[in-house]
Amino acid sequence: MADKPSFYITTPIYYVNAAPHLGTAYCTILCDVMARYKRAMGYDVKFLTGLDEHGEKVQRTAEEHDMTPQAWCDSLAPAFHDIWHTLEISNDDFIRTTEPRQIAAVTELWNRMKDAGYIYKDSYDGWYCVPEETYFTETQVAKADEERHTEGQHLCPDCGRPLERVKEESWFFKLSAFQDKLLALYDEHPDFVMPDFRMREVRTFVESGLKDISVSRTSFDWGIPVPFDDKHVTYVWFDALLNYATAVGFGNPDMADEYARRWPAQFHVVGKDIIRFHCVIWPAMLMAIGDALPEHVFAHGFLMVRDDATGQTRKMSKSLGNAIAPQDVIDLLGVEGYRYYFMTDCVPGEDGGISYGRMEQVYNADLANSWGNLVSRSLNMSAKYFDGKTPTLADGWADAANPLKDIAEGIVERYAAHMDRIAYVAAKDEIMELVHAANHYIEDSMPWAVAKDPARADELTAIIANLLETIRICAHLLSPFMPSTSAEVLRRMSLEGEADTRDLAAACAWGGLKGGVEVTKGDALFPRLGSK
Ligand code: MSP
């Protein structure tokens with residue numbers, strides 16, 4: 001393990017005020033695909049997800065259910081574990097901010113911040129949005145009120161729900177001291193924030209000036225106590241952001257080696273609504289305590305629901321009656337189809353317009369008609385013409401030129417360049433080009449006609465071997481998106497030992513096929529969906 005490079009990727013930790021939904025699943029699958037891809041590239045991956053359990057929002061939700069906050073969180077946590085398990089999420093750790101490791105880490109953070117001189121006590125008098133757990137300045141609120149014509153009622157600039165006035169003694173973090181350092185960070189590491197247009201947004205925000213932020217609360221108690229002031233609990237975001245460091249050993253002397261090896265993270269993947277926390281406050285916190293900064297924060301867009309009839313997209317919401325639950329999509333597409341659809345049809349940096357109509361279209365076109373069909377035709381022909389086996393391969397068969405080999409050569413490099421930037425749609429296009437070419441190759445080479453002529457036996461062997469080899473390579477490349485299907489395809493070619501490769505480039509080199517081994521035809525991988 002120790003000689004493999006570390007790759008550490010995180011999802012946001014989700015609030016436990018409601019069950020997991022399509023949006024939280026989207027972000028988690030984005031990370032899972034990256035984690036699986038990096039493992040296949042030989043990295044020693046740590047993939048973290050978890051729950052954000054403190055704060056006023058969770059406390060209030062628990063009260064509404066007549067439960068203590070801890071009992072409420074405990075009652076909801078299994079729903080997250082279950083859905084991640086169902087969706088084949090391969091996280092290596094699951095953090096809950098009420099765990100002792102997080103409390104120790106936050107305590108250490110306070111002490112180090114205070115020693116470094118970046119914490120001071122003052123009083124806060126301003127606006128707070130409980131559902132968003134966010135403070136807003138008078139200017140931000142006035143601007144939003146004006147834009148929305150709220151006529152005296154102060155609404156959250158982000159979510160539009162009523163704001164509350166908070167007036168209390170508070171500890172402050174000197175965020176203002178980090179403006180120049182943050183701008184220098186963005187200059188030196190232009191891909192600290194991805195995609196580019198989000199980097200520009202973050203920069204503009206920082207250039208407009210940073211104010212110190214309140215990082216403790218006294219008006220409720222569901223939070224980690226401030227170690228040197230027991231009237232105060234930690235502001236939920238100050239606590240939550242640290243989870244990424246906690247999980248690899250921050251604040252735990254017994255994990256110093258692990259921390260040195262794992263930190264900083266390579267990727268924090270977050271939704272566009274929480275980039276200021278991750279791209280401004282979080283790096284400033286790390287700068288304050290002299291710790292290393294994460295390499296990339298990738299901001300994904302929001303899933304919007306597209307009306308199949310009008311083509312209009314709208315935010316998903318229960319009140320609009322267009323909310324879709326993860327289970328609804330699983331029922332329609334199956335887990336693998338679900339993962340494939342969201343990862344390859346929505347450009348990760350942008351808002352994604354999703355609809356049942358589109359799901360069916362993508363599933364039928366890519367999975368049923370193209371990939372599934374290619375696998376089933378090729379395995380069937382192999383079984384039929386070679387007595388239930390893959391053909392016995394002639395020496396040097398892999399060196400012969402053919403149109404599929406031409407496309408397959410260099411495909412891992414092209415695919416990896418996209419995958420490394422979470423450009424999953426482009427990575428999928430590389431694979432689908434090969435799949436489509438293989439389906440055309442069947443039509444052009446007409447193996448059923450070749451099979452009728454015993455004099456063309458070598459030609460038939462080559463055609464079927466080229467097809468099976470293409471399937472083998474595509475199964476590897478598709479594996480981060482659809483791990484079970486890929487494992488199944490390899491198993492049907494008696495290559496189950498390859499399913500868990502840690503060297504994707506070698507696994508995808510043309511010529512890895514095993515000749516003369518058993519082929520299983522199996523059921524259709526993706527039965528066609530009828531019109532809904
Ligand atoms: N607890 C904080 C994160 C703390 S991380 C240190 C939080 N939690 S959340 O549960 O409200 O949201 C978690 C993530 O879900 C965010 O990244 C958010 O962007 C994402 N999504 C919520 N609705 C979404 C969609 N409709 N579409 C895509 N993602 C969305 O914020």
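By convention here, the first residue in the shown sequence is residue 1. Order of appearance sets the numbers: ligands from 1, and atoms from 1 within every ligand.
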* Only counting residues at least two apart or in another chain, list the ones meeting salt bridge (charged side-chain N to carboxylate O under 4.0 Å, His left out) with Arg217. => Glu56, Glu168

* Asked: So, is the end of the Lys428 side chain (NZ or CZ) under 6.0 Å from the ring centre of Phe481 and within 45° of the ring's axis?
  -> no

* Distance-only side-chain donor-acceptor flag, His268 / Thr10, under 3.5 Å -> yes

Give the table of side-chain donor-acceptor pairs shorter than 3.5 Å for residues 324-331, with sequence neighbours excluded, one pair per line with atom names and distance.
residue : atom : partner : partner atom : Å
Gln327  : NE2  : Asp331  : OD1          : 3.0
Asp328  : OD2  : Ala325  : N            : 3.2

* Run through ligand 1 for me and note each protein residue having a heavy atom under 4.0 Å from it, chain first, then residue number. => Pro12, Ile13, Tyr14, Tyr15, His21, Gly23, Thr24, Asp52, Trp237, Ala240, Leu241, Asn243, Tyr244, Val270, Gly271, Asp273, Ile274, His278, His300, Gly301, Phe302, Leu303

* Asked: Is the count of non-hydrogen atoms from other residues, nucleotides or ligands lying under 6.0 Å from Lys143 atom NZ greater than 12?
  -> no

Identify all side-chain donor-acceptor contacts of residues 242-249 below 3.5 Å with residues at least two apart in sequence or on another chain.
residue : atom : partner : partner atom : Å
Asn243  : ND2  : Ala240  : O            : 2.7
Tyr244  : OH   : His278  : NE2          : 2.7
Thr246  : OG1  : Gln102  : OE1          : 2.7
Thr246  : OG1  : Leu242  : O            : 3.1

